[in-house]
Enquirer: 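Take a look at this one; I'll ask things after.
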Amino acid sequence: MTTLADPVPGGRPGDVERATALAGELSGRGVHGIVLAYVDTAGVTRIKTVPTGRLASGAAWGVGMSPVFDTFLAGDGIATTDRLGSPDGDLRLFPDLDRLTVLAGQPGWAWVPVDRITQEGEPHPGCGRTFLRRITAEAARAHGLSFRAAIEIEWSVGLEAAPAGEYVPAATGPAYGAIRQVELGDYLADLLAACHAQGVDVDQLHPEYAAGQFEISVGALDPVAAADRSLLVRHTIRAVARRHGLRVSFSPAVLAEGVGNGGHVHLSAWRDGVNLHAGGAGRYGMTAEAESFTAGLLAHLPGLTAVTAPSPASYLRLKPSQWAGVFTAWGLETRECALRVITGMAGRNARDANVEIKPVDLAANPYLALGCLLAAGLDGLGSGAVLPGEVTGDPALLPASEAAERGVRRLPVSLPEAVERFRANRVLREALGPVLAEAVTAVREGEAAAVEGLDDAQVAAAYRWRY
Ligand code: GLU
Ligand code: MG
């Protein structure tokens, strides 16, 4: 479980002693440096590193980093607003010692996610991880709820030796095919070994649809831990790949055409150890609260897209009939609706039932994405929102009149359209608070401006190696 208390100057009780002991143990294991990781609003993981001997000082007083990254763009430009993007000021990065992990794929290094707090010791209003902790804590307080979340990871494996900037798939076998497992068997085995050594329980690893594409799914955790894990697993996928002469991309669209890389989110709400998505009197075993939670997700999807699909490249992926879920609809085990209701296997429903949110990719900051998804679901749950009828088959094939009647609409087709829907969404903006909401808007507008005049192939190329 994630510690829900904010970091404090001097360290939370016991942190410094714990960090001192940890540092000694890490040094003994040959760990020289610690990677402190957080994700900016654009979805790029930014880091500082400290020598292992500095861990206790970091746990007590944090490590300095500019707040400018709240409005950094994926291409390293900076968007500015009245209060964000300034060269002034400093923040402190506080490592979450519960999540410190020795990196099996990078000997000599350990990794830890951080919370960002101000020099005055206050939570930084632009910190996505703090935001997600807050939403999670509020749901526990107001509704007695906890959540389990998992983020699927799809990625493209290319050859390191490819011509500069180009993507040359490192595997040539068919989609879901055994040939790919043979072609990249050593890499994939090292990846599984690294995940195991790092305490990540992998559910599945398989070749995906697009050229050179793979997918890994991991066990569900509380939302903050799930977001942390998503960063750790991607860091590991990349680090292990380098040792095999491979280069990986999590970009939503490595190429302008064809199927992209998704980052589907699985979410379930629980009370007192009971999964609200199973054993209920609603559709497919959902309780009334799970139906309302799902209805909240559905209602807020257009505005959510600015957070869950934040890159110009995201809109190259979000196309109908490619399993990316681009219609405001839900269905049982359906792959074209934005929301896929999953009951799990008979006998294990109580453990496994959840709702999968598909229009999410790995350019998304996972803390912001999960926090906004929870805010949307909780809005539905709190207001007793009614889940409309389910949709089966491909919504793209529904006659326009029937789609309109059933409320099945296409999600935003561009980043500017998503920003417009986000601006109009009071629930999401209020959940984020003014600073994060402004950062999201400014960064998305900055990304849109950065690609003005580019064609699809140029957009794909511009973001190919940024995520
Ligand atoms: N690659 C698809 C996407 O972009 C998802 C395929 C799948 O269902 O796993 O979301
Ligand atoms: Mg997949």
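Atoms considered below: every heavy atom in the structure, side chains included; atoms not considered: hydrogens, waters and symmetry mates. One-based numbering along the sequence shown.
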Enquirer: Should the ring pair Tyr187 and Trp155 be called parallel, tilted or perpendicular, given that the plane angle runs from 0 to 90° and is split at 30 and 60?
Expert: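 The rings of Tyr187 and Trp155 stand perpendicular, inter-plane angle above 60°.
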Enquirer: In terms of side-chain heavy atoms, does His143 have a donor or acceptor partner in Glu289 at a distance below 3.5 Å?
Expert: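 There is no such pair between these side chains.
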Enquirer: Of Asp190, Leu188, Val248, Leu246, which is the lone residue that meets side chain to side chain contact (heavy atoms under 4.5 Å, CB included) with Val240?
Expert: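 Considering Asp190, Leu188, Val248, Leu246, a side chain to side chain contact (heavy atoms under 4.5 Å, CB included) with Val240 is found only for Asp190.
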Enquirer: Keeping Thr101 on the side-chain end and Gln198 on the backbone end, is there a donor-acceptor pair under 3.5 Å?
Expert: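 Not confirmed, Thr101 side chain does not pair with Gln198 backbone.
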Enquirer: Could you give the distance from CD1 (Ile47) to OH (Tyr38), rounded to the nearest 0.5 Å?
Expert: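 With rounding to 0.5 Å, CD1 (Ile47) is 10.0 Å from OH (Tyr38).
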Enquirer: Between Ser230 and Arg234, does any side-chain donor sit less than 3.5 Å from a side-chain acceptor?
Expert: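 The criterion, which ignores hydrogens and geometry beyond distance, is satisfied for Arg234 and Ser230.
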Enquirer: Enter the distance from Trp330:CH2 to Leu387:CG here, rounded to the nearest 0.5 Å.
Expert: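 Those atoms lie 5.0 Å apart.
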Enquirer: Quick one: does Asp40's side chain get under 4.5 Å of Asn365's, heavy atoms only?
Expert: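 No, every pair of side-chain atoms sits at 4.5 Å or beyond.
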Enquirer: Whether Glu138 and Arg134 form a salt bridge (side-chain N of Lys/Arg under 4.0 Å from carboxylate O of Asp/Glu) is what I want to check.
Expert: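 Answer for the salt bridge query: yes.
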Enquirer: Ignoring hydrogens and geometry, is there a side-chain-to-backbone donor-acceptor pair from His300 to Asn425 under 3.5 Å?
Expert: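 Pair absent, no side-chain N/O of His300 close to backbone of Asn425.
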Enquirer: Applying side chain to side chain contact (heavy atoms under 4.5 Å, CB included), name anything that partners Ala418, two or more places apart in sequence or on another chain.
Expert: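 For Ala418, the residues satisfying side chain to side chain contact (heavy atoms under 4.5 Å, CB included) (neighbours in sequence not counted) are Thr305, Ala306, Tyr315, Pro412.
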Enquirer: Taking Arg317 for its side chain and Ala253 for its backbone only, find out whether a donor-acceptor pair lies under 3.5 Å.
Expert: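 No, the answer is negative, given that no donor and acceptor are paired below the 3.5 Å cut-off.
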Enquirer: Can you list the steps and then say if Gln106 with His235 is a side-chain hydrogen bond (donor to acceptor under 3.5 Å, both in side chains)?
Expert: CA-CA 10 Å; Gln106 278 181 292; His235 198 89; 2.9 Å; yes
Enquirer: Would you call Leu370 and Val265 a side-chain contact if the rule is heavy atoms closer than 4.5 Å?
Expert: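 Yes - at least one pair of side-chain heavy atoms lies under 4.5 Å apart.
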Enquirer: Parallel, tilted or perpendicular for Tyr463 and Tyr467, by the 30°/60° rule?
Expert: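 Rings of Tyr463 and Tyr467: parallel, as their planes differ by under 30°.
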Enquirer: Any chance the side chains of Asn261 and Ser156 put a donor and an acceptor closer than 3.5 Å?
Expert: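 Checked: Asn261/Ser156 side chains pair up, N/O donor to acceptor below 3.5 Å.
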Enquirer: Is Leu339 close to Leu297 at the side-chain level, that is, under 4.5 Å between some pair of heavy atoms?
Expert: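 Yes. Closest side-chain heavy atoms under 4.5 Å.
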Enquirer: What is the distance from atom CD1 of Ile216 to atom CD1 of Ile151, rounded to the nearest 0.5 Å?
Expert: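 Interatomic distance, Ile216 CD1 to Ile151 CD1, rounded to 0.5 Å: 13.5 Å.
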Enquirer: Given the rule in the salt bridge (Lys or Arg N to Asp or Glu O under 4.0 Å) test, do Arg229 and Asp201 qualify, once you have shown the distances and angles that lead to the verdict?
Expert: CA-CA 10 Å; Arg229 175 175 269 188; Asp201 57 315; 2.7 Å; yes
Enquirer: Say whether, by atom type as modelled, one donor and one acceptor occur between the side chain of Asn349 and the main chain of Ala353 under 3.5 angstrom.
Expert: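 Not confirmed, Asn349 side chain does not pair with Ala353 backbone.
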Enquirer: Please check this pair: side chain of Thr287 against backbone of Leu276, looking for a donor-acceptor N/O pair closer than 3.5 Å.
Expert: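 Yes, because the side chain of Thr287 sits within donor-acceptor range (under 3.5 Å) of the backbone of Leu276.
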Enquirer: Salt bridge or not for Asp90 and Arg116, using N-O below 4.0 Å?
Expert: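 No.
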Enquirer: Hydrogens and angles aside, do Glu152 and Ser217 bring a side-chain donor and acceptor to less than 3.5 Å of each other?
Expert: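 Result is no, nothing qualifies.
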Enquirer: Do Val218 and Gln204 come close enough that some side-chain heavy atom pair is under 4.5 Å?
Expert: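 They are not in contact (no side-chain heavy atoms under 4.5 Å apart), so the answer is no.
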Enquirer: Are any side-chain N or O atoms of Gln213 and backbone N or O atoms of Ala210, one a donor and one an acceptor, separated by less than 3.5 Å?
Expert: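 Yes, the answer is positive, given that a donor and an acceptor are paired below the 3.5 Å cut-off.
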Enquirer: Where the side chain of Asn275 meets the backbone of Gly273, is there a donor-acceptor pair that is under 3.5 Å apart?
Expert: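 No; zero donor-acceptor contacts below 3.5 Å.
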Enquirer: Trp323 versus Tyr209: any side-chain heavy-atom pair under 4.5 Å?
Expert: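 No. Closest side-chain heavy atoms not under 4.5 Å.
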Enquirer: Heavy-atom distance under 4.5 Å between the side chains of Ser249 and Tyr167, does that happen here?
Expert: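 No, every pair of side-chain atoms sits at 4.5 Å or beyond.
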Enquirer: Quick check against the 3.5 Å criterion: does Thr71 have a side-chain atom that pairs as donor or acceptor with the backbone of Ala79?
Expert: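 Checking the backbone N and O of Ala79 against the side chain of Thr71, a donor-acceptor pair under 3.5 Å is found.
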Enquirer: Is Arg18 salt-bridged to Asp98, going by a charged N under 4.0 Å from an acidic O?
Expert: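 Salt bridge flag = yes for Asp98 with Arg18.
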Enquirer: Could you work out, with salt bridge (Lys or Arg N to Asp or Glu O under 4.0 Å) as the rule, every residue matching Arg54, not counting sequence neighbours?
Expert: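 Listed in chain order: nothing, the list is empty.
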Enquirer: Might you work through the salt bridge (Lys or Arg N to Asp or Glu O under 4.0 Å) test for Asp76 and Arg46, ending with a clear yes or no?
Expert: CA-CA 11 Å; Asp76 294 343; Arg46 311 275 176 185; 2.9 Å; yes
Enquirer: I'd like to know if Glu445 pairs up with Arg423 as an ion pair, taking the criterion as any Lys NZ or Arg NE/NH1/NH2 lying under 4.0 Å from an Asp or Glu carboxylate oxygen.
Expert: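 Between Arg423 and Glu445 there is a salt bridge, with a charged N closer than 4.0 Å to a carboxylate O.
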Enquirer: Do we get Arg92 above Trp61's six-membered ring, with its NZ or CZ under 6.0 Å from the centre and within 45° of the axis?
Expert: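 No cation-pi geometry.
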Enquirer: Assess the side chains of Arg99 and Thr2: does a donor N or O sit below 3.5 Å from an acceptor N or O?
Expert: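 There is such a pair between these side chains.
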Enquirer: Taking atom types as modelled and ignoring hydrogens, do the side chains of His266 and Asn354 form a donor-acceptor contact shorter than 3.5 angstrom?
Expert: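 A donor-acceptor contact under 3.5 Å links the two side chains.
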Enquirer: Counting N and O atoms only, with roles assigned by atom type, does the side chain of Arg340 sit under 3.5 Å from a partner on the main chain of Arg335, one being a donor and the other an acceptor?
Expert: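 Not at all, since once roles are kept as given, no pair shorter than 3.5 Å links the two residues.
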Enquirer: Below 4.0 angstrom, N of the basic side chain to O of the carboxylate: do Arg83 and Asp70 qualify?
Expert: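 Result for this pair is no, no salt bridge flagged.
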Enquirer: Quick one: do the Ser311 and Glu447 side chains pair a donor with an acceptor below 3.5 Å?
Expert: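 The criterion, which ignores hydrogens and geometry beyond distance, is not satisfied for Glu447 and Ser311.
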Enquirer: For the pair Glu208 (side chain) and Glu215 (backbone), establish whether a donor and an acceptor sit closer than 3.5 Å, ignoring hydrogens and angles.
Expert: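 It does not hold such a pair.
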Enquirer: If you define the side chain from C-beta out and look only at heavy atoms, does anything of Ile117 sit under 4.5 Å from Asp6?
Expert: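 The answer is no; the side chains never approach within 4.5 Å.
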Enquirer: Please tell me whether Tyr367 and Asp228 have a donor and an acceptor in their side chains that are separated by less than 3.5 angstrom.
Expert: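 Side-chain D/A pair, Tyr367 to Asp228: present.
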